[in-house]
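Values reported hereafter were calculated over all heavy atoms of this structure, with side chains retained and with hydrogens, waters and symmetry mates removed. Remember, it's 1-based here, ligands and their atoms both numbered in the order they're listed.
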Amino acid sequence: MPSTTWVHGFDRLDEVEAGLDGGWDSVRGLLGGKGANLAEMTRLGIPVPPGFTVTTRACLSYLDGDGRLPDGLWSQVLHALHAIEDRLDKRFGDPAAPLLVSCRSGAKFSMPGMMDTVLNLGLNDETAKGLVALTGDEHFVFDSYRRLIQMFGTVVLGLRDELFENVLSDARHVRGVTSDADLSADELRTVVARFRDLAAGFPTDPAEQLRMAIEAVFSSWNGRRAVDYRNAAGIAHDLGTAVNIQAMVFGNLGEHSATGVCMTRSGATGLPGLEGDFLVNAQGEDVVSGTRATRPIEALAQVMPTAYAELQAMAAKLEARYHEMQDIEFTVEDGRLWLLQTRDGKRTAQAAVRIAVDLANEGLIGRADAVRRVTPSQVDFFLHPQLAVAARQQAADEGRLIATGLNVSPGAAVGVAAFDPDVAQRLAGDGRQVILVRPETKPDDVHGMLAAEGILTTRGGRTSHAALVARQFGKPAVVGVGALEVDLVGHRATMGELVIEEGDWLSLDGSTGEVYAGRLDTFVPDISDGWLATLLGWADDLRTLGVRANADYPADARRARDYGAEGIGLCRTEHMFFQSERLPVMQRMIMSDSVTERRDALAELEPLQRDDFLGLFRAMDGLPVIIRLVDPPLHEFLPTFEELSKRITDAKIRLSAAGSLDEVDDLLGRLRRDEDLLRQVRALHESNPMLGLRGVRLAIRHPEILQMQARAIFAAACDAAEEGGGPRPEVMIPLTSDAGELIRARQVIDSEAAAVFADRGITVDYLVGTMVETPRAALTADKLAEHADFFSVGSNDLTQTTYALSRDDAETSFLIDYLRTGVYDHDPFSSLDPDGVGLLIDRAIAAARTREDDFEVGVCGEHGGDPASIAWCHAHGLTYVSCSPFRVPVARLAAAQAALATAS
Ligand code: PEP
Ligand code: MG
């Protein structure tokens, strides 16, 4: 049997591809993202230091096999190492021509900083001496050597980094310098000796170093921070990591050497052009750790113009190959540029949208690809709050703009300061909004970052850990606020006189980098122009499913239209009755003993409703407006039994102590009103109000309510038409379960319409339809369709009635346990249940479409804004979904993605 190939040279990509099904995705699965890209870069002729990848399969085999390297792996590693030696004419462990290698993790999906890396493997006292002889640069050699022992000590031997940092800070202190680079070669030699004492298990045999480093990287797949990250990012735990062994190139070889990271476009805004940081005479981790002040990548153009120009050319080449913005690690060794890594760059939601649109406009991808690449949650991010302009101004005037740092992840975050990730997590668990404030973040802080609303660090650059993680998870972040001094022990931060204690409010703007003391107001941004509008325009061209809005007031309707709604799918008219000045009239209507009294109260409400409807027709001029008749049971407009009982008891107590006749009169009046209300509440009481006198049943029991609403709708439609508008009223009857109900309600509506049109001398086209929100409505949809012009699925009630689950109680009661313990795999009130509720909807659609090919069937429950449910609605031929105005942009994108998914 042929032995397994555990190791592939970077120059062997063709062979790897030939041996795998499943294309690039399988290559990434086997070699990890980093390894696959190193091999691909090698194939593209990009200068990559030679190396090889130990596969993810080897990692899984190691983790499964009690920590033993799989058979054959080690000999393959040595063989691949020889190939590098031959290519560079250097030998691993040979003082005469020492080869040094790096050993880096690299999983299928990028997990920045979550797993381990060891650099400079191959150094020991002898090879160090040999390297000094070769380079003549003792400083460089001992700096590299101390880095090896420090990394090996922490990563492989599990020692605390502080032990090493203390030695370094002692050395800096003695010398009176602030940077390790300023230590002399002799001092570094002493540091190395002290490090060797600390890391007693450090092996001097280079092969042993390499073997132990590979094993440590394998094991880091199951380290806590990697597991936490995978849980948060939704990455599977059974993928394993590959290990990349690569010849070292040195950015710390003097003033003609540098190291840096850059994105091919801005990860914060998407602006084209290189964005990143670099350091002259340094090694990679100096840049990403944020421990040294980096320089912006543009400055490389001055310092090393040839390398900069070459980097720009490589960036364009890589984008052309990957059709994506790339995040590149590079080193300049003695003037020569090397690329160490490329991967798809992490980005903010804004950058994701702009990059997708720009790449399509540049012809690197198609418009459909651009629409596919942006996630519904990235669109949703645009609807997240920003700091209100007035609040920002006022805070600035009051001197509460305390600092400005780097704007690395946009959006506003407001919360109380927490200086420790565990505290942040605890406070957030108590329902508090938190800003995590740290000198810099490390992978171990991720749980606190995820719990926080926003992140603030005093060190680090645009590519620091804090910036990357914040962007990925859409957390607003400001980093590098150097003026702020964080005291981790005292749990406070200071800046001159200013002291920020744990629990103090902070507001930060990740788009401008501003940090304010106190709690500032926020607002939701306008999305009507720019890149998102373009992207959503492309989405509109691709989708077939309509998107309408659930809007009750003209202002909501206007916002919905701005967000791209193609009409109103649901106006819940009862919401208009709940307004404070209307509620007493509504209550009088409910309390009235005679039809005449009721009509009087309704007559007061009618002009108000008519105005509301006119506002909706104006806002949605030319587009359909579905107005639903009043739906909830009448007792919902009255105070509760408990509230009234308390009010009555209080009034009686105050009556007994009343001092004046006027007071007695007043209290008696109120008491009588409340006693009347209580009688009504008792009379209207139902054991199961959700199954009681509501929806169409109310319209049939009290036709005068229906008449009033119908008149108001048609009168407003006539008003709008007279103004020159194009009103398209659609009257919707709720909670129908029998065709008989629909017939009666429709008669009233049609006769009111005829009366209004006769009176006004004009006619407006209108539709009358019904909601489908009971199983019986769905099952008898053929009969309903005879009397309805359209159906709209009330998926909230249909879920409730199909499952016999109370929509008001279940989600705070046993449903939580059902979801936690996996009895249900999803919450049917959030995401449409395809198996039961979906079957009923299918039935209703089929019945309706037997009558008329394009019979309109929409969904207007909460599911209308849920991407998974939207995909279902597209696949099952719904006409439109209707959701809250804020979810309309998400629905437009999700509908387009659903269309693309079914087309491919
Ligand atoms: C529904 O039931 O899905 C619906 C849209 O109506 P409401 O939520 O007002 O009951
Ligand atoms: Mg309903």
So which heavy atom on Ala412 is nearest to which on Thr522, and how close? CB-CG2, 4.1 Å
Consider ligand 1: state whether an atom of it lies below 4.0 angstrom from any non-hydrogen atom of Arg628. yes
Which is it for Glu862 and ligand 1 at heavy atoms under 4.0 Å: side chain, backbone, both or neither? neither
Leu798 and ligand 1 - part of the residue with a heavy-atom distance under 4.0 Å: neither
If the cut-off is 4.0 Å to any non-hydrogen atom of Leu570, which atoms of ligand 1 fall inside it? 5 (C)
Location of contacts on Gln800 toward ligand 1, heavy atoms closer than 4.0 Å: neither
Any idea which part of Val793 is under 4.0 Å from ligand 1, heavy-atom wise: side chain, backbone, both or neither? neither
Can you sort out which atoms of ligand 1 are near Cys860, meaning under 4.0 Å from one of its heavy atoms? 5 (C)
Atom CG of Asp853: over 12 foreign heavy atoms under 6.0 Å: no
Considering residues, nucleotides and ligands other than Arg746, do more than 12 of their heavy atoms fall under 6.0 Å from its CZ? yes
The protein heavy atom nearest to atom 3 (O) of ligand 1 is Asn796 N, 2.7 Å
For OD2 in Asp797 and OE1 in Glu773, the angle at the Mg ion (ligand 2) (nearest 10°) is 90°
Closest approach of Ser831 and Asp866, non-hydrogen atoms and distance? OG-OD2, 2.9 Å
Going by the angle between their ring planes, with limits at 30° and 60°, are Tyr824 and Tyr818 parallel, tilted or perpendicular? perpendicular
For the side chain of Gln609 and the backbone of Glu606, is there at least one donor-acceptor N/O pair under 3.5 Å apart? no
Using distance alone, determine whether Glu574 and ligand 1 share an N or O pair under 3.5 Å. no
